[in-house]
Each structure stands twice: as C-alpha cells, then as structure tokens.
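Start at 1 with the first residue, then count along the sequence.
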Amino acid sequence: MKSISSFLDAIKYRADLKASQIRDRKFENNHIVVIESDDWGSIRMPSPQILQELKTKGYQYADHIGYDRYDTLASNTDLEVLIEALSSVKDCKGNSAKLTMNCVVANPDFDKIRQTGFQEYHYELFTETLKRCTHHDRSFALWLEGMKQGVLHPQFHGREHLNPQMWLGLLQKGCRPVLDSFDRRVISVVVDKTDDPRQHSLAAFNLANEEEYAFAKESIRDGLDIFEKLFGYRSESMIAPNYTWDTAIEDEALRCGVRYLQGSRNQRHSYYVMRNGGQTEFRYTGQRNSNGLIYMVRNCSFEPSENPKRNADFCMAQAEKAFKRGQAAIISSHRQNFIGELYPENRDNNIKQFKSLLNTIVKKYQDVLFMTSDEYGKLLETNGI
C-alpha cells in the first residue's frame, strides 16, 4: 500500500510541477534576463585549513557540492572580476548585465555570544565582518561602485543566513560539532537528527515554535531597516535562505515593504508547518498570494560550483526553453560561483563561463533586456496580473 501511495504522490507531484511551469507569466515582445545570486554578505568557510580541521574531526561539510569548499566573503579581486564581467555585456538598450545580489546584512558576533555563555545572540554588520578579512579592505566600496555602475543591485536575503534561536539551543546543549565549528567562526555544520530534526541552522526561517517565529519576524524588521541604512533604499524583493519560508514570513515581509518574493519552483515550508500537516506547494512567476505579494520563480541554473553539469551550456539551454515559452529567463547563480578567495581557479573558470553565457544570450537574442528582480517585479505588477 505504501508503494502505491508513493507512486500516486509522485504522479501528482509531476502534474503539479508541470502545471506551475505552464502558468509562468509571459512577455513575448522581449527576451528578459534576470540574474539572481544569493548569500552575499554571509560568512561560510574562513579557509581551506579550517575546513580540513573540521573534516578530520569527522564532521559533515558540503564541500562535495561547493559551498563549504569555495564559499566565503567576496574579496576585492572577486568583486573587481565580477564587475568587469557584467560591464562587458550590453542589452538592446545599452545597459550592462545586472546581478541581483541577495545579501544578508549581519553575521553572528562570536565573541559577544561566547561572553554570555551562549545565552544571548548578538550580531555585527557584515561590513564589520569584512574589516577582519585580509583581502577585503575595498570590498564594500566595490559593492557601492558596482551599484553606481548599475551592474550590482543588492536585495534582501535576511538579516543573517542563520536561525539564531536553533543555533543557540544547540550551543547551550553542548552539541560538539556546533561548538567545534563555533570555535572556528563557522556556522554551517550538519548535526544529527537527534540533536535537531532540521539538521542544520542555516535556513533562517525554518522555524519550530512561537519563540522562533517571534525572533524571525523581528529579524526581518530589523534587517530591512539595516539594509536601507547601508544601501540608501528599501528592498522591494526578498529570497528566503534555503528557499524555506511560510505564510507568516510572507506577511511580515509584506508589512515591511517587500512586494516581490524570489524563490524556487517548490516552496519548502518550515518544520512547524510541515509537522502540522502542511503540504508541498508549487509556485509560478506572476502568482500572487492572498495579500498581493508576487512570486518570481527561478527557471534557469548557472551553478557550476555546486554541480559541474550546471554550466554555461546547461543554463543556455534552459534560457532558450524559457524564451520559447515567452517567459523571462530567471537565472539562479549563488555567490560561490564567483568566489576565488579560497581557490582562485574556481572564480576564474566560472567567470569565463559566465561571460560566455551572457555573450551567447545577447548575440542570439538581439532584443534582450537585463533586469534586476525588483525591476522585473514591477513589470509583472504593471501588466495586469
């Protein structure tokens, strides 16, 4: 009986997925490209040496898919190379390619947290985190320069890429993998299901109880205010860390001025919702929730650091399919693809592919338009969806 039920569930899943893809909003007069890149501003792995130390202790890290091997704060060189790549390609209106930099604005303040015996959470702005990094003295200035040139456009990814309440709970319980990682200023370790069924604390809005909900809502309010102070404008779009959120998070974001929600096709609900009977939901670009917030779904992937097969050719084939359906190509490409601070060859190889992808698009589709996520959201909003 269980196998029959699983088979029927799989059929329904594929049918719902196909139905959501068909419903994506269409614009047939132009070929629109939106490049969405997550994790900017967040810490990940300080060095290859620290990763090796933790692996030697037997802890699980995601270096096999790139994040813990390549991903760290963007250095001066990383940003210079990225800005040059984006600036080198123009759309039909003469605008350079635009990268929506979905960023967190804060990271844990490890020293202050330790001083409280892991009883209180404290954070520092990511601009303060940068000051402790060797090759990052011009990093934030390069963010601002890229914004001035119109090639980098920050949007909100959360205050931090972390569920602090869950993380503190693991530290207070003496969870050894989390403590050993904390000592090295790392937050991305996988923990056993007996420690917490969610297994890691990176999904900021994968919530389990009312206390975590209250904390998360306050972090959205606080984070969006910090975002405005750092960048001089409110973020009108948002992407939940690890694609995990639920209605309560949407409602809070909307109250704070967010109008467009970036995401994947398959919405991952919080642990609390799923534990209480929640179901998987598929989203489509142009869909509105009950309060009018507009969903935008990524339909292309340039993620060679996660999977070498998700390269420029793979992404181009996906973009062509989207254009054939009259849909925008909304490209997912996480920060790790553009980072060479730990392994320069990672950045150099991927940037070469990235430029090739962009050049192929503009040569094949001479009416192409590059848009940021919030620009595309406004287009969806003003075209009668």
Carboxylate-amine/guanidinium proximity below 4.0 Å for Asp225 and Arg221 | no

Would Lys217 and Glu210 pass as an ion pair if we require N to O under 4.0 Å?
-> no

Check for me whether the distance between the ring centres of [X] and [Y] falls short of 6.0 Å.
X	Y	value
Phe126	Trp143	yes
Tyr365	Phe323	yes
Phe354	Phe338	yes
Tyr233	Phe227	yes

Would you find a donor on one side and an acceptor on the other, under 3.5 Å apart, between the side chain of Gln336 and the backbone of Tyr67?
-> yes

Only one of Gln262, Met371, Glu375 passes side-chain contact (heavy atoms from CB on, under 4.5 Å) with Thr100; say which it is.
-> Gln262

Side-chain heavy atoms of [X] within contact of [Y], under 4.5 Å:
X	Y	answer
Glu53	Arg184	yes
Ile331	Ser301	no
Glu250	Leu254	no
Val89	Phe370	yes

According to the interplanar angle, ranging from 0 to 90°, do the rings of [X] and [Y] count as parallel (below 30°), tilted (30 to 60°) or perpendicular (above 60°)?
X	Y	answer
Tyr343	Tyr70	perpendicular
Phe140	Phe231	tilted
Tyr272	Tyr213	perpendicular
Tyr243	His334	perpendicular

ILVMFWY network linking Met147 to Leu142, side-chain heavy atoms under 4.5 angstrom | yes

